[in-house]
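Working notes, beginning with the structure itself.
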Amino acid sequence: MPLSQKRKEEYFEKFKGYLDTYSKCFVVEVDNVGSKQLQDTRRELRGKADILMGKNTMMRKCIKDYCEANPGSPVEKLIEECR
């Protein structure tokens with residue numbers, strides 16, 4: 001089921017907020033990872049880290065838009081990680 005335009009905009013704002021707020025990030029591919037393992041990981045990181053999961057194309061678009069608004073940002077390196 002595709003995301004509504006409103007939900008995409010909310011996702012973009014949240015992601016851009018994280019890019020402005022944090023100087024470090026951790027990119028993880030979760031193909032073939034069970035839901036129980038993801039649930040346990042999220043539970044362990046609760047209160048210690050912010051987790052944002054998304055589709056590669058949405059993440060790439062958000063990073064690209066952010067880099068256009070903030071040229072020379074180190075965030076540009078993340079585009080290659082979201083394939």
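Position 1 is the first residue of the sequence, and the numbers go up from there. All values below come from the heavy atoms of this structure, side chains included, with hydrogens, waters and symmetry mates left out.
The heavy-atom pair separating Met59 from Gly54 by the smallest distance is SD-O, 3.4 Å. Nearest approach of Cys67 to Glu76, heavy atoms of both residues: SG-CG, 3.2 Å.
Residues Arg7 and Ser4 meet the side-chain proximity criterion, which asks for heavy atoms closer than 4.5 Å. Within the 4.5 Å cutoff, no side-chain heavy atoms of Lys64 are placed close to those of Arg60. Counting heavy atoms from C-beta on, the side chains of Arg46 and Arg43 come closer than 4.5 Å. Side-chain contact between Val75 and Asn70: absent, with no pair of heavy atoms (C-beta onward) separated by less than 4.5 Å. In this structure the side chain of Lys16 reaches within 4.5 angstrom of the side chain of Asp65, judged on heavy atoms. Between Tyr66 and Lys61, every side-chain heavy-atom pair lies at or beyond the 4.5 Å cut-off.
One hydrophobic cluster holds both Met58 and Tyr18 under the rule that ILVMFWY side chains link at heavy-atom gaps under 4.5 Å. Leu19 and Val28 end up in different hydrophobic clusters when Ile, Leu, Val, Met, Phe, Trp and Tyr side chains are linked at under 4.5 Å. Grouping the Ile, Leu, Val, Met, Phe, Trp and Tyr side chains by contacts below 4.5 angstrom, directly or via other members, places Phe26 with Leu38. Under the 4.5 Å side-chain contact rule for hydrophobic residues, Val27 and Leu52 share a cluster. Hydrophobic cluster membership differs between Ile51 and Tyr11, with clusters built from Ile, Leu, Val, Met, Phe, Trp and Tyr side chains linked at under 4.5 angstrom.
Screening Gln37, Lys36, Arg42 against Asp40 for a side chain to side chain donor-acceptor pair (under 3.5 Å) leaves a single residue, Lys36.
More than 12 heavy atoms of other residues, nucleotides or ligands lie within 6.0 Å of CD in Gln39, so this atom counts as buried by the packing criterion. Within 6.0 Å of the CD atom in Glu44, the count of heavy atoms belonging to other residues, nucleotides or ligands does not exceed 12.
Note: Ile63 CD1 to Ile79 CD1 = 6.5 Å, rounded to the nearest 0.5 Å. Rounding to the nearest 0.5 Å gives a distance of 12.5 Å between SG of Cys62 and NZ of Lys8.
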